[in-house]
Engineer: 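Would you mind keeping the following structure in view while I ask a few things?
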Amino acid sequence: MIGEAMREPWVWPLMLMLVGAAATYFWRGLGVYLAGKMSPDGTLFAWVSAVAYALLAGLIARMIVMPIGPLEATAISHRVGAAVLALAVFFLTRRNMLLGVTAGCVTLILLTFVT
């Protein structure tokens, strides 16, 4: 009976989805458990924050210097200019991420399509 059910075309996608969900929820649950034990002022939390910021900076630098997809068609001067303006708006608006990202996106769109 189990062998016959495994031959059904819907079984393997369902099993893959269930295994993927179990793996995802395991790590999420472990994160929730450990987050309650971490001090936000501790050195471990500071290290995790530093690594997160470093990864984000690396991804942004890669998008500017070595873009892929549609971003590849834009000039590097446009990408750098949009990033500089986004950073300036971010700091001028007391670290408002939404305004910084919006300013960068709008600047890149305008520079790309206007010039």
Side-chain angles (χ1 to χ4, degrees):
M1 173 120 176
I2 293 176
E4 291 175 23
M6 296 302 263
R7 290 189 202 117
E8 294 292 327
W10 55 269
V11 171
W12 288 107
L14 178 65
M15 297 215 12
L16 185 63
M17 188 174 67
L18 290 174
V19 169
T24 298
Y25 286 118
F26 169 76
W27 289 112
R28 285 184 180 186
L30 185 63
V32 168
Y33 173 75
L34 292 176
K37 304 218 179 279
M38 281 178 57
S39 168
D41 299 325
T43 56
L44 181 63
F45 196 79
W47 180 81
V48 169
S49 295
V51 169
Y53 281 118
L55 284 171
L56 181 61
L59 289 172
I60 291 170
R62 185 184 183 285
M63 286 173 46
I64 293 171
V65 177
M66 299 182 321
I68 58 173
L71 198 55
E72 214 173 357
T74 62
I76 190 164
S77 59
H78 294 168
R79 295 190 301 265
V80 170
V84 167
L85 187 73
L87 194 59
V89 169
F90 172 73
F91 282 115
L92 289 173
T93 58
R94 297 185 186 148
R95 297 182 179 223
N96 187 320
M97 184 72 74
L98 178 63
L99 290 178
V101 170
T102 302
C105 289
V106 169
T107 302
L108 185 60
I109 289 168
L110 290 176
L111 286 173
T112 302
F113 291 111
V114 173
T115 57

Engineer: Hydrophobic cluster membership, with links at side-chain heavy-atom distances under 4.5 Å among I/L/V/M/F/W/Y: are I60 and V80 in one?
Structural biologist: yes
Engineer: With a cut-off of 3.5 Å and sequence neighbours excluded, list every side-chain donor-acceptor pair involving residues 34-49.
Structural biologist:
residue: S39; atom: OG; partner: D41; partner atom: N; Å: 3.3
residue: S49; atom: OG; partner: F45; partner atom: O; Å: 3.1

Engineer: Following the transitive rule for hydrophobic clusters with a side-chain heavy-atom cut-off under 4.5 Å over Ile, Leu, Val, Met, Phe, Trp and Tyr, establish whether Y25 and L30 coincide in one cluster.
Structural biologist: no
Engineer: Do the side chains of L98 and F90 join up, straight or via other hydrophobic residues, at under 4.5 Å, putting them in one cluster?
Structural biologist: no
Engineer: L111, I109: one ILVMFWY side-chain cluster at the under-4.5 Å cut-off?
Structural biologist: no
Engineer: Give the minimum heavy-atom separation between L99 and T93, together with the two atoms involved.
Structural biologist: CD1-CG2, 3.8 Å
Engineer: Search all heavy atoms of A82 against all heavy atoms of G104 and return the closest pair with its distance.
Structural biologist: CB-O, 3.5 Å
Engineer: So which atom in E72 and which in R79 form the shortest heavy-atom distance, rounded to 0.1 Å?
Structural biologist: O-NH1, 4.3 Å
Engineer: Is the shortest side-chain heavy-atom distance between V84 and T107 below 4.5 Å?
Structural biologist: no
Engineer: So L71 and T74, do their side chains get closer than 4.5 Å, heavy atoms only?
Structural biologist: yes
Engineer: Is the closest side-chain heavy-atom distance between R62 and I68 below 4.5 Å?
Structural biologist: yes
Engineer: Looking only at heavy atoms, what is the nearest atom pair of A86 and G100, with distance?
Structural biologist: CB-O, 3.2 Å
Engineer: Is L108 reachable from L85 through a run of hydrophobic residues whose side-chain heavy atoms are each under 4.5 Å from the next?
Structural biologist: no
